[in-house]
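So that the names make sense, note that chain A is the first sequence line, chain B the second, and so on, each numbered from 1.
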Amino acid sequence: MTNQAGANVTDAAKLTQKKCHKVTFAVPMEIPSQYAPRQVEQRWYQTWLKHKAFASTPDHRPAYTIVIPPPNVTGVLHMGHMLNNTIQDVLVRRARMRGFNACWVPGTDHASIATEAKVVQKLRAEGVKKSDLSRDAFLEHAWEWTHKHGGIILEQLKELGASCDWDRTAFTMDEVRSDSVYQVFADLHAKGHIYRGLRMVHWDPEAKTSLSDEEVIHKDINATLYYVKYEVVENPGTYLTVATSRPETIMGDVAVAINPKDVRYNALHGMHVRVPIGGREVPIILDDYVTTDFGTGCLKVTPAHDWNDYAIGQKHGLEVLDVLNEDGTLSAHGLKYAGMERFAARTKVAEDLKASGHLAKTEEYASTVGTSERTGAVVEPRLSLQWWVRMPELAKPALDAVMSDEIQLIPEKFKNTYRHWMENVKDWCISRQLWWGHRIPAYFYGPGEHDYVVALSAEEALEKARAASGRADLTAADLQQDPDCLDTWFSSWLWPLSVFDGIRNPENPEIQYYYPTQDLVTAPEILFFWVARMAMAGYEYAGKRPFERVYLTGIVRDKLGRKMSKSLGNSPDPIQLMDTYGADGVRMGMLLTSPAGNDLPFDELLCEQGRNFTNKVWNALRLLKGWKVSDDAPADEAAEWAVTWFRALLDAELSELQRDFDRYALSEALMRLYKLTWNSFCAWYLELVKPAYGQPISVGVYRATVDFFDTLMAALHPFMPFLTEEVWHLLSERAETDFLDFATYPTSGGTAYDPTTFAIMEEHVVALRTFRAEKNIAFKSPLTADAATKPAAWPAIAKLTNTQWGDAEGGLPLRAGTFELRVQVAAEDIDVEAEIAKAQKEIEYYSGFKRSVEAKLSNEKFVAGAPAAVVDAERKKLADAESKIEIAQKLISQLAG
RNA sequence: GGGCGCAUAGCUCAGCUGGUUCAGAGCAUCUGCCUUACAAGCAGAGGGUCCGCGGUUCGAAUCCGUGUGCGCCCA
């Protein structure tokens, strides 16, 4: 059927293209030779949605629940989401197929600081300042922004194939979730877990808000250390030198501290120094905290601008002089620098100190600086009145749960980190000076720090305020609600409970059925932000763990090992990737290389590998669909052999697959299926059962083949939902709604598999193929071979190598593993010298090997000390080596003779 | 500075409690192929002081010590 025109076209193409596509002709049916994923994917996802394939309601089956780590509502899908959600989908789909009532709850997070920052930025671009707007007006803009950009990411997740129950989509600021937040705030406050306190906090001068410890990212920097001279008041003309990295805070100095044991400064005890700018006199104080070997051993004490200085200040009863405004410019205490931006002020102060002769020297040193996770601004320590959650008591059960594996971390190595953090947990600053978020439900009725009530509504607040103040004449106008918002994590920590309305209605059937959830899939970066706190909330509000296991993914990095980020521009666009490789291809690309907890060095090549695999599967389908099935097809021993072999192999691999999943080794599970499908099924099995050209295939073999293919598709479905669904429906007549998700996940029957039969067959085939290649004998011309004993798998060997069993007297000895064949070959096809040289090399190698084994076996201690099985194995090695040497020697004598 | 972890083929990684799963996989590379499912393919091949050093043992990639390099968390 070779089409002459077609052949000409390819030849021509070959001249211009490095890799040319074959021109297809006479395709048995209308299935294209290349799989086109995008149409298939869209079609199936719509069908799934139409039939609510992923919807879940409580029933008699056991529940399997995952709550999505809610992405930022206005965000777009990035590679981290791709990884994270692919993993969740694999777990959920597999659970569904295993008979669980699988429920994957989607949703989004209002992302207080990030969203507010974006809205502020957008308004600024339009010439509107946040400070010019009322709270309500600003919130209107924020909601508008949220509605405009909100939910895009969820649509993108659908492209990925995420099998979420979309009817359950939740938002951290919708009614149920908001009510839950307020209720929890009120409850924790009533229990005394929430309090107000004046403390040092991390301050983001760009967002003008406080941050929690976890929202601060420490970065290594090269800092400059300034050596500044302070004149000793009691001894004019003499100076004490202080090393500081922050000269702009000098105006806030209230003391200079030295270590009492530092003998260099004994003479200065009890004296004072003059601050070089402003000229205030401050005492020299003694404190053990000061290290004698850093800088000069003298520390300027600026309680308003350093955590340690604040502690020293407290201890010594020193004043707090705040030289900075909330936006990071210098305040009135900054004297003539007032109004300057902090870093500009640093440079200017240093210049002025130098000019006045107070700057002794500067030196570079490696230091770290805290930056805001969301805005990137260098954070300032700032003394302010904030709301706090007392942690130790809440943390205790959450710590114990992980230590006892009631909540299992995967991989386990994160347990140590978790414990370390939980044992040193500090109180959680939950107030943010932002408008976008849950407004703190505290209402002030008087000027006092404690003149407030916590209430769930303005009416309730008024009632409580009247009672608290004893003033029945209070009106709503007398109440001032706290202007601050709650930390975003104060709503996300309730997520596994709140998505089932478990805070407001703890007895409702949904929370009873779905909670605790089974798996949580998230990044280790938010282990403390989120995971630990969900555990705390879970025990506090449900008395139970929120999840059984936490699967921690790694960070997606580029080839250079850099974290993928928008600012670096090194992150591929996931949608574009899916357009190029198909969602299944990309899913596979993400999973091929990501063991739990390991970073994922992303390479598009992996997606290509995934895409190629989908195409491979697709073409296996084409092959099957092209076969004619017949009741009276000629008997095919090779095919029969293959069916028996593959059935056993498949069963054994399914058992290993189960073990991979049990260990949450998803990449290994996928790789196992990849090899099983491509190598075992396509490369060996299908070649063995493939009927001769134009011949039909027997019904029995065909049915077995379809059955195997079905099983592989089912096993692969969690990883590649679209392709497998498509193939599953094309393999056999099936109703549209007969989704693979509702099929049973294949399991092993537990039969033992002995790999030696196949291995012997493979060794013979490889030997004969190599033989052909070396002698340049075309596949079409049959070989004739024999051996001392005919291998059991001979029909298979014969079919794959086009070799006949027959008298090969005088043929060339051919070693296949530890077996020996004789292959008839024309004398002119033999390169005698080369054959002898090859054989001699082999003798040399195996003689050396034999000596080493003999040495081992003659070692009495080894024979006495090692278990019998090991000794036997060594003896077998020896025998094998001897037989190989023998074959080679025989070959030489034959050729030479 | 305190804590945790890692180092195996060019790359990404498997190798459980020491011994035939012991030096492996996938990708990449090389060679030959448009063979009637698939060139997004087929067949074959090469490639490693298991980071260095020392120890325990009949036997170490695997256990112990130490050095080096890298990563993460906390201060």
If you measure from the [atom1] atom in [N] to the same atom in [M], how many Å do you get, rounded?
N	M	atom1	result
G18(B)	U12(B)	P	29 Å
A75(B)	G65(B)	C1'	29 Å
G47(B)	A9(B)	C1'	6 Å
U35(B)	C30(B)	P	23 Å
C73(B)	U31(B)	C1'	50 Å
G59(B)	C72(B)	P	40 Å
G15(B)	C6(B)	C1'	16 Å
G32(B)	G26(B)	P	23 Å

Tell me the interatomic distance from [X], atom [atom1], to [N], atom [atom2], rounded to whole angstroms.
X	N	atom1	atom2	result
Leu670(A)	C13(B)	CG	C1'	14 Å
Glu412(A)	G5(B)	CD	P	12 Å
Leu673(A)	G26(B)	CG	P	15 Å
Trp421(A)	G5(B)	CH2	C1'	21 Å
Glu525(A)	C72(B)	CD	P	11 Å
His218(A)	G2(B)	NE2	P	18 Å
Arg622(A)	C38(B)	CZ	P	5 Å

- Ignoring the backbone of Asn416(A), work out which of C4(B), C38(B), C74(B) is nearest its side chain. C4(B)
- Query: Picking from A25(B), G44(B), G41(B), which would you name as closest to the side chain of Arg769(A)?
  - Reply: G44(B)
If we call it a pair only when both distances are under 3.5 Å in a Watson-Crick or G-U wobble match, what pairs with [N]?
N	value
G47(B)	none
A37(B)	none
C72(B)	G3(B)
U56(B)	none

hbond_proxy [X] side chain to [N] base (donor-acceptor, 3.5 Å cutoff):
X	N	value
Glu687(A)	A37(B)	yes
Lys413(A)	C4(B)	no
Gln34(A)	A40(B)	yes

- Query: What is the glycosidic conformation of U12(B): syn, defined as within 90° of 0, or anti?
  - Reply: anti
- Message: Checking one value: the base orientation of U8(B), syn if chi is within 90 degrees of 0, otherwise anti.
- Response: anti
With a 4.0 Å limit, can you tell me whether [X] has a side-chain N or O closer than that to the phosphate oxygens OP1/OP2 of [N]?
X	N	result
Arg611(A)	A40(B)	no
Lys426(A)	C74(B)	no
Asn612(A)	G41(B)	yes
Lys690(A)	C38(B)	no
Tyr674(A)	C27(B)	yes

- Task: Mark yes when over 12 heavy atoms from residues, nucleotides or ligands other than Glu423(A) sit less than 6.0 Å from its CD; otherwise mark no.
- Result: yes
- Task: Can you establish whether the number of heavy atoms outside Arg659(A) located under 6.0 Å from its atom CZ is more than 12?
- Result: no
- Task: Of all the heavy-atom pairs spanning Trp728(A) and Asp710(A), show the shortest one and how long it is.
- Result: CE3-OD1, 3.6 Å
- Query: Going by atom types only, do Tyr753(A) and Glu653(A) share a side-chain donor-acceptor pair under 3.5 Å?
  - Reply: no
- Message: Under a 3.5 Å distance rule, please check whether Arg611(A) uses its side chain to pair with a backbone N or O of Cys607(A) as donor and acceptor.
- Response: no
- Residues Arg246(A), Asp306(A): salt bridge by 4.0 Å N-O rule: no
